[in-house]
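The residues of the chain are indexed from 1 along the displayed sequence. Just the heavy atoms: all of them, side chains too, but no hydrogens, waters or symmetry mates, feed the values below.
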Amino acid sequence: DRKPSKENQALNFKVVIDPGHGGKDMGAQGFFSISEKQISLTLAKMVQREIKRTSKTNLEVLPIDVLLTREGDHFLTLKERVSLANNSGADLFVSIHANSSPFPRVRGFEVYFLNAEATDEQATKLARVENAGLSAPIGNELFSILSDIQATNHINESSAFAESVFSSMAR
């Protein structure tokens, strides 16, 4: 059984995976009455298992801890999901959803990342629905400038990660 080096033990990378919806929030309805909440939880558990498997075989690189915001069918507000990730010290927060389309022949996937502005009208509408109830506190000017710098860094990292996920899924 391989163990991470002492240096890497202190560098555990923490990933929080958020299976979208849950409990009273069904999400989109698919064929055969399968709900988005069921699909997202199943996918989140598959991703969690794969990350853990990969991490065990690559401990010398960087150990990875993986948490789910929900393990079963229960409802969490978006604020609770974000708080769980922040309180756990997550380095990466991934929310899995299975959106629907009014066009039955549509196939494919989308990858979104947190950005100050949505990239198109559809993304704006989706963000409004998914982020209902979240508000950002407004602080003093220095805090605001530092927050903007940190947000820009996170946006750049998120954009690069989203591109990597998209490319991997497309292959």
message = Would a single hydrophobic cluster contain both Leu67 and Ile64, if residues Ile, Leu, Val, Met, Phe, Trp and Tyr are joined by side-chain heavy-atom contacts under 4.5 Å?
response = no

inquiry  = Quick one: does any side-chain atom of Arg70 pair with a main-chain N or O of Phe75 as donor and acceptor, under 3.5 Å?
reply    = no

request  = Show your working on side chain to side chain contact (heavy atoms under 4.5 Å, CB included) between Val94 and Val165 and close with a plain yes or no.
outcome  = CA-CA 11 Å; Val94 176; Val165 168; over 6 Å; no

task = Nearest 0.5 Å please: distance from the OG atom of Ser83 over to the CG atom of Leu76.
result = 10.5 Å

ask   = Who are the side chain to side chain donor-acceptor pair (under 3.5 Å) partners of Thr77, not counting sequence neighbours?
value = Glu80

request  = Could you tell me the separation between the CG atom of Asp25 and the CG atom of Leu78, rounded to the nearest 0.5 Å?
outcome  = 10.5 Å

request  = Answer yes or no: does atom CZ of Phe109 have more than 12 heavy-atom neighbours from other residues, nucleotides or ligands under 6.0 Å?
outcome  = yes

query = Relative to the ring of His97, is the ring of His21 parallel (under 30°), tilted (30 to 60°) or perpendicular (over 60°)?
reply = perpendicular

Please table the atom pairs, donor to acceptor, closer than 3.5 Å between any side-chain atom in residues 39-49 and protein atoms at least two apart or in another chain.
residue: Ser40; atom: OG; partner: Gly20; partner atom: N; Å: 3.3
residue: Ser40; atom: OG; partner: Gly20; partner atom: O; Å: 2.7
residue: Ser40; atom: OG; partner: Glu36; partner atom: O; Å: 3.0
residue: Ser40; atom: OG; partner: Lys37; partner atom: O; Å: 3.3
residue: Thr42; atom: OG1; partner: Gln38; partner atom: O; Å: 3.0
residue: Lys45; atom: NZ; partner: Glu71; partner atom: O; Å: 3.0
residue: Gln48; atom: NE2; partner: Val66; partner atom: O; Å: 3.3

inquiry  = Taking Ala160's backbone N and O only, do any of them form a donor-acceptor pair with Ser164's side chain (distance below 3.5 Å, no angle check)?
reply    = no

Single-linkage hydrophobic cluster, 4.5 Å side-chain cutoff, Phe13 and Leu68 together = yes

task = Using atom types as modelled and distance alone, determine if a side-chain donor or acceptor of Arg81 lies under 3.5 Å from a backbone N or O of Thr69.
result = no

ask   = What are the two closest heavy atoms between Ile17 and Pro19, and how far apart are they?
value = O-CD, 3.3 Å

note = Rounding to 0.5 Å, atoms CD (Glu163) and OG (Ser168) come to a distance of 9.5 Å

key: Distance (rounded to the nearest 0.5 Å) between Lys52 NZ and Asp65 CG   = 9.0 Å

ask   = Shared ILVMFWY cluster between Val15 and Ile96, side chains joined below 4.5 angstrom?
value = yes

message = Restricting to non-hydrogen atoms, name the atom on Pro104 and the atom on Pro102 that form the minimum distance, rounded to 0.1 Å.
response = CD-O, 3.5 Å

